[in-house]
Amino acid sequence: MKIARKYGPIAAAFVAALAITTSYAQSPTPGYNTKIPEQILTPDKVESSIGTLNFADGVPTAETAGKIYDYLDTLRGVEVFLNFMPAASLEALRMGNAEMGATKANQALIFDQLLDSNPLLLTGNTDTVYCSVFLDLETDGPTVVEVPPGTGPGTVNDAFFRFVIDMGAPGPDQGKGGKYLIVPADYKGDLPKDKSEGGEYYVARSPSHVNWLILRGFLVDGKPDAASKLFREGLKVYPLAKKSNPPKMEFLDGSKVAFNTVHANTFEFYKELDHVIQKEPIDLFDPELRGLAAGIGIRKGRSFAPDDRMTKILTDAVGIGNATARSIAFHNRDPRSPLYPNSQWRSGFVGSDYRWIDLDGVSGRNKDARTNFFYMATVNTPAMAAKLIGKGSQYALITADATGNAFDGAKTYRLNVPSNPPAKDFWSVVLYDPQTRSELQTSQPFPSRNSKRDKLVANADGSVDLYFGPKAPAGKDSNWIETVPGKGWFSLLRLYGPLEPWFDKTWRPGEIEEVR
């Protein structure tokens with residue numbers, strides 16, 4: 001026993017050495033002195049989803065290398081489309097404002113008679129008066145925004161559609177009105193004190209030159225007149241440097257006018273993005289994203305001039321990217337997307353975070369959730385994702401009927417909105433075109449129904465049935481929204497001033513069912 005203990009370690013070492021010797025003694029891989037693990041070797045031929053890849057002792061043939069570079073450039077083109085979509089979307093909004101003549105910060109695009117279906121604007125509502133202004137901090141420097149008392153939800157977003165500050169009801173002025181100062185992130189000059197320090201401004205810094213200010217005004221007695229007057233008489237936007245003699249505000253009415261604010265789904269997308277990258281500070285996008293864009297030829301300070309090969313590849317890439325975004329938007333696979341079990345109603349904010357940071361940051365940014373939102377919508381604010389009882393608004397998206405089939409404009413459908421909808425202010429349902437993701441264009445200028453504006457007929461139990469189809473069912477005109485044969489559609493349910501039953505899901509809308 002003592003001898004075994006004495007020589008035990010030596011024996012163990014001998015066995016280990018023997019095992020190592022045996023390992024090296026295996027038959028060597030042809031061309032080598034030793035056995036090479038199979039998992040680190042590359043065969044002479046590999047079958048892949050992009051075809052056969054050929055190698056000479058691990059070195060790609062010229063044909064395979066060319067195929068791989070085409071794939072790599074395509075892959076990067078798709079990733080640029082998906083990752084920079086928020087930037088291109090905000091740029092398209094800026095271009096739409098400019099098309100209407102609003103090119104300066106004191107020029108506001110206002111929808112005096114609400115947003116009808118003529119303008120193309122991602123899932124805009126028909127329920128509030130929009131007022132849209134673009135700031136250019138590069139030209140104007142720190143810029144003052146004075147919002148009048150009674151302003152509804154308002155937000156400033158940077159050129160990458162990131163949240164800068166809220167105004168109006170969800171902002172620090174809490175709907176009482178106030179002065180805001182939007183300052184370039186790199187501004188070094190003197191600034192007035194913030195409100196929290198006894199100053200007169202709510203000060204916010206933005207990393208971008210271009211910023212979008214979007215304000216909403218509520219209807220009074222179902223009409224937009226009061227909100228339109230509120231903005232026209234009370235909104236002021238001007239450079240801080242000109243506060244003693246600010247330029248006069250100009251308001252341009254966007255109602256009933258056909259113009260576009262939606263980013264391209266063609267090669268033109270990359271040109272929209274290039275304009276943003278050339279205009280904005282280099283640090284607006286992190287090095288990883290900048291490198292992705294540079295990989296397809298979009299670099300700050302250089303012309304974007306792809307050759308014929310690259311133009312063809314990017315044209316293919318944007319087609320794949322568009323299909324990807326549409327798949328995510330209309331066939332979302334995230335298990336958190338449905339609002340209820342066995343329901344077609346879905347969340348626009350998958351993960352309930354306005355930054356799309358998943359699981360408290362453990363999994364990083366949920367890029368599909370971000371794509372899901374920005375392909376269908378605009379305006380990024382914590383207020384849209386947060387639980388604010390009786391304030392702001394909440395949304396539910398639906399793209400398919402109760403059986404899971406896409407909506408057919410030639411068919412008639414019914415939606416039951418149960419009694420006591422959890423909305424302190426009002427609720428609405430709006431239909432949209434899946435092509436433009438903007439309001440569905442029909443003979444009705446407003447493809448919607450609103451519990452405050454419209455005289456809806458309720459059922460005996462207090463619920464309301466809404467009908468969607470090319471013709472109104474007999475006696476249901478007041479509860480009907482027109483659709484177009486040969487066109488699809490989808491819808492958003494909005495609750496303004498959402499109440500607890502919405503958040504705890506004790507109240508839920510009915511599914512949209514075909515009427516046969």
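All figures in this text were calculated on a predicted structure; none of them were measured in a lab.
For K367, the side-chain contact (heavy atoms from CB on, under 4.5 Å) partners two or more places apart in sequence, or in a different chain, are N83, R370. Residues forming a ring-ring contact (aromatic ring centres under 6.0 Å, His included) with Y201 (at least two apart in sequence, or on another chain): none. Here S327 pairs with nothing under the side-chain contact (heavy atoms from CB on, under 4.5 Å) rule; sequence neighbours left out. Not counting sequence neighbours, the partners of F285 by the ring-ring contact (aromatic ring centres under 6.0 Å, His included) test are F84, F160. Residues satisfying the ring-ring contact (aromatic ring centres under 6.0 Å, His included) criterion with W502, sequence neighbours excluded, are absent altogether. Under the side-chain contact (heavy atoms from CB on, under 4.5 Å) criterion, P149 pairs with no residue at all, not counting sequence neighbours. Here W507 pairs with nothing under the ring-ring contact (aromatic ring centres under 6.0 Å, His included) rule; sequence neighbours left out. Among residues two or more places apart in sequence or in another chain, the side-chain contact (heavy atoms from CB on, under 4.5 Å) test is passed with T403 by D401, N405.
Ring centers of Y354 and F349: at least 6.0 Å apart, outside the cut-off.
Residues in residues 214-239 take part in no ring pair (Phe, Tyr, Trp, His ring centres under 6.0 Å) pair, two or more places apart or across chains. Residue pairs meeting the ring pair (Phe, Tyr, Trp, His ring centres under 6.0 Å) criterion with at least one partner in residues 466-491, sequence neighbours excluded, are F330-F490, F407-W489, Y413-W489, Y432-F490, F468-W489. Each side-chain hydrogen bond (donor to acceptor under 3.5 Å, both in side chains) pair with one or both residues in residues 89-105, not counting sequence neighbours, appears once here: E91-R94, E91-H275, N97-S132, T103-Q107.
Aromatic ring orientation, F259 versus F111: parallel (interplanar angle below 30°, classes split at 30° and 60°).
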Residues 509-516 side chain polar contacts: donor-acceptor under 3.5 Å, at least two apart:
from : atom 1 : to   : atom 2 : distance (Å)
E511 : OE1    : Q344 : N      : 2.8
E511 : OE2    : S343 : OG     : 2.6
E511 : OE2    : R508 : NH2    : 3.4
E514 : OE1    : R516 : NH2    : 3.3

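The minimum heavy-atom distance linking T371 with L82 is given by the pair OG1-O, 3.9 Å. Minimum interatomic distance between S255 and L114 (heavy atoms only, all atoms of both residues): OG-O, 2.7 Å. When all heavy atoms are compared, the tightest approach of A87 to V276 is O-CG2, 3.9 Å. Shown here for L122 and M376, the closest heavy-atom pair between the two residues is CB-O, 3.7 Å.
When each of F269, F374, Y270 is paired with H263, the ring pair (Phe, Tyr, Trp, His ring centres under 6.0 Å) condition holds for F269 and for no other.
A donor-acceptor pair is defined here as one N or O able to donate and one able to accept, closer than 3.5 Å; no such pair exists between the side chain of N450 and the backbone of D127. Looking at R437, its side chain does come within 3.5 Å of a backbone N or O of Q435 through a donor-acceptor pair. Side chain of S337 to main chain of D334: no donor-acceptor pair is present (N/O by atom type, distance under 3.5 Å, no hydrogens or angles).
Geometrically, R326 does not engage Y375 in a cation-pi contact, judged by NZ or CZ lying under 6.0 Å from the ring centre and within 45° of the ring axis.
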